[in-house]
Amino acid sequence: VQLQVSGGGLVQAGGSLRLSCAASGSIFRLIPMGWYRQAPGKQRELVAAFTSGGSTNYADSVKGRFTISRDNAKNTMYLQVNSLKPEDTAVYYCNTNPPRSQFWGQGTLVTVSS
């Protein structure tokens, strides 16, 4: 299975984007997935994820602004990011929850200007 992330870009503070994570196989039905990000000079962190029970978890810094969703029929997971802040600037990745090393891809860069 390969994961392909897209949808990043340059936006002004307060703007929105929708990130997509497309899988080459039906991984979303089998394994909990999540969105991660790594800001310059910082460690990679979990932003939003599905749990094994089907619920969702969000980092405190994005609660109320980011929404994780998925379309199993399309083997695609999404991250709707609203009310973006400059501190949201990072490379965003998708991976399993918890993450597996073989699924880290290039990610997609989100840059938020003030």
Enumerate donor-acceptor pairs with a distance under 3.5 Å from any side-chain N or O in residues 93-102 to protein atoms, sequence neighbours excluded.
unit_1: Asn95; atom_1: OD1; unit_2: Arg100; atom_2: N; d: 3.0
unit_1: Asn95; atom_1: ND2; unit_2: Arg100; atom_2: O; d: 3.1
unit_1: Thr96; atom_1: OG1; unit_2: Pro98; atom_2: O; d: 2.7
unit_1: Thr96; atom_1: OG1; unit_2: Arg100; atom_2: N; d: 3.3
unit_1: Asn97; atom_1: ND2; unit_2: Phe50; atom_2: O; d: 3.0

Cut-off 3.5 Å, no hydrogens considered: what does the side-chain donor-acceptor table look like for residues 105-114, sequence neighbours left out?
unit_1: Thr108; atom_1: OG1; unit_2: Gly8; atom_2: N; d: 2.9
unit_1: Ser113; atom_1: OG; unit_2: Val11; atom_2: O; d: 3.4

Donor-acceptor pairs are to be reported for all side-chain atoms of residues 39-46 against protein atoms at under 3.5 Å, with residues two or more places apart or in another chain.
unit_1: Glu45; atom_1: OE2; unit_2: Arg37; atom_2: NE; d: 2.7
unit_1: Glu45; atom_1: OE2; unit_2: Arg37; atom_2: NH2; d: 3.3

In a table with atom names and distances, give each donor-acceptor pair under 3.5 Å that connects a side chain of residues 20-27 to protein atoms at least two apart or in another chain.
unit_1: Ser24; atom_1: OG; unit_2: Gln2; atom_2: N; d: 2.7
unit_1: Ser26; atom_1: OG; unit_2: Arg29; atom_2: NH1; d: 3.0

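Residues forming a side chain to side chain donor-acceptor pair (under 3.5 Å) with Asn72 (at least two apart in sequence, or on another chain): none. Tyr78 pairs by the ring-ring contact (aromatic ring centres under 6.0 Å, His included) definition with nothing, not counting sequence neighbours. For Gln4, there are no side chain to side chain donor-acceptor pair (under 3.5 Å) partners two or more places apart in sequence or in a different chain. Arg65 pairs by the salt bridge (Lys or Arg N to Asp or Glu O under 4.0 Å) definition with Asp88, not counting sequence neighbours. Scanning for side chain to side chain donor-acceptor pair (under 3.5 Å) contacts around Ser16 gives Asn82, with sequence neighbours left out. Ser55 meets the side chain to side chain donor-acceptor pair (under 3.5 Å) test with Thr51; sequence neighbours excluded.
Inter-residue side-chain proximity for Met77 and Ile68 is flagged as met; some heavy-atom pair is nearer than 4.5 Å.
Distance check: Phe66 CZ to Trp35 CH2 gives 11.0 Å after rounding to the nearest 0.5 Å.
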Tyr92/Leu79 under side chain to side chain contact (heavy atoms under 4.5 Å, CB included): CA gap, chis, key distance, verdict
CA-CA 10 Å; Tyr92 286 71; Leu79 186 68; 4.2 Å; yes
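Residues Val81 and Tyr36 are members of separate hydrophobic clusters, defined by side-chain heavy-atom contacts under 4.5 angstrom among Ile, Leu, Val, Met, Phe, Trp and Tyr. Grouping the Ile, Leu, Val, Met, Phe, Trp and Tyr side chains by contacts below 4.5 angstrom, directly or via other members, places Leu3 apart from Val91.
In this structure, the side chain of Thr76 engages the main chain of Lys74 through a donor-acceptor pair within 3.5 Å.
Residue pairs meeting the disulfide (SG to SG under 2.5 Å) criterion with at least one partner in residues 53-88, sequence neighbours excluded, do not occur; the list is empty. Residue pairs that meet the disulfide (SG to SG under 2.5 Å) test with at least one member in residues 32-67, sequence neighbours left out, do not exist here.
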